[in-house]
Asks: 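Supplied in structure tokens, the structure appears directly below.
Order of the sequence lines fixes the chain letters, A, B, ..., with proteins taken first and strands second; residue numbering starts at 1 for each chain. Just so you know, these numbers use all the heavy atoms, side chains as well, and skip hydrogens, waters and symmetry mates.
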Amino acid sequence: GAVVSQHPSWVICKSGTSVKIECRSLDFQATTMFWYRQFPKQSLMLMATSNEGSKATYEQGVEKDKFLINHASLTLSTLTVTSAHPEDSSFYICSASLWTGGEKLFFGSGTQLSVL
Amino acid sequence: AQKVTQAQTEISVVEKEDVTLDCVYETRDTTYYLFWYKQPPSGELVFLIRRNSFDEQNEISGRYSWNFQKSTSSFNFTITASQVVDSAVYFCALSEAGYKLSFGAGTTVTVRA
């Protein structure tokens with residue numbers, strides 16, 4: 001089946017630094033990828049929809065300058081948390097859509113971000 | 001407004017018991033998709049099922065079964081003869097257009113040996 005690789009699995013950084021998370025579709029091309037955020041013991045909240053070659057569409061309340069999304073190719077989307085602060089600590093998950101005669105979503109394994 | 005409601009926050013059962021997870025959704029669209037995902041402690045999301053709004057046929061896959069009722073806007077999930085490995089958080093999700101998923105709050109299932 002289709003595989004979505006997310007890297008890194010976890011990252012610890014100092015407050016004020018920027019962190020980049022990569023989401024790759026390994027064996028298929030994904031024109032659309034999604035970024036979710038999950039706080040401990042809570043549901044996944046959609047942050048933004050990433051479209052290859054165009055600007056990402058952010059959900060209400062998500063700071064686009066804080067969470068930079070780049071979808072430069074059909075197999076790679078990146079989420080950069082800029083000037084991270086402790087409140088940005090969270091679990092971030094990406095997903096990619098694939099049309100298989102019935103569109104399906106495949107999720108990455110997630111990235112745990114801890115900002116000290 | 002909450003689009004997907006999973007009223008049960010936590011469910012604890014003893015191994016071999018059946019467990020049913022409730023999911024109620026809200027949408028004005030006639031075409032939509034419903035999903036169930038499993039999130040084990042490791043964090044990744046495991047796809048369990050996708051059902052489109054025109055297919056109300058119930059489905060069984062091994063020990064898993066799903067009951068989709070449009071009349072009550074429900075898409076319930078049952079694990080039969082639960083096992084310890086079933087312990088996880090289970091999410092119900094709704095997609096109305098463009099594959100943006102709205103997730104329910106999740107139900108934590110703990111299966112005790």
Asks: What are the two closest heavy atoms between A:Phe34 and A:Ser97, and how far apart are they?
Replies: CE1-CB, 4.5 Å
Asks: Name the region of A:Gln38, side chain, backbone, both or neither, that has any atom closer than 4.5 Å to a heavy atom of chain B.
Replies: side chain
Asks: Decide yes or no for A:Cys94 and A:Gln6: does some side-chain heavy atom of the first lie under 4.5 Å from some side-chain heavy atom of the second?
Replies: yes
Asks: Please state whether the rings of A:Phe107 and B:Phe103 are parallel, tilted or perpendicular, taking 30° and 60° as the class boundaries.
Replies: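 The arrangement is perpendicular - the two ring planes meet at more than 60°.
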Asks: Measuring heavy-atom distances to chain B, does A:Gln112 have an atom under 4.5 Å in its side chain, in its backbone, in both, or in neither?
Replies: neither
Asks: Given a strict heavy-atom distance threshold of 4.5 Å, which part of A:Leu44 is in contact with chain B: side chain, backbone, both, or neither?
Replies: both
Asks: Closer than 3.5 angstrom, by distance alone: can the side chain of B:Thr78 be matched with the main-chain N or O of B:Ser65 as a donor-acceptor pair?
Replies: no
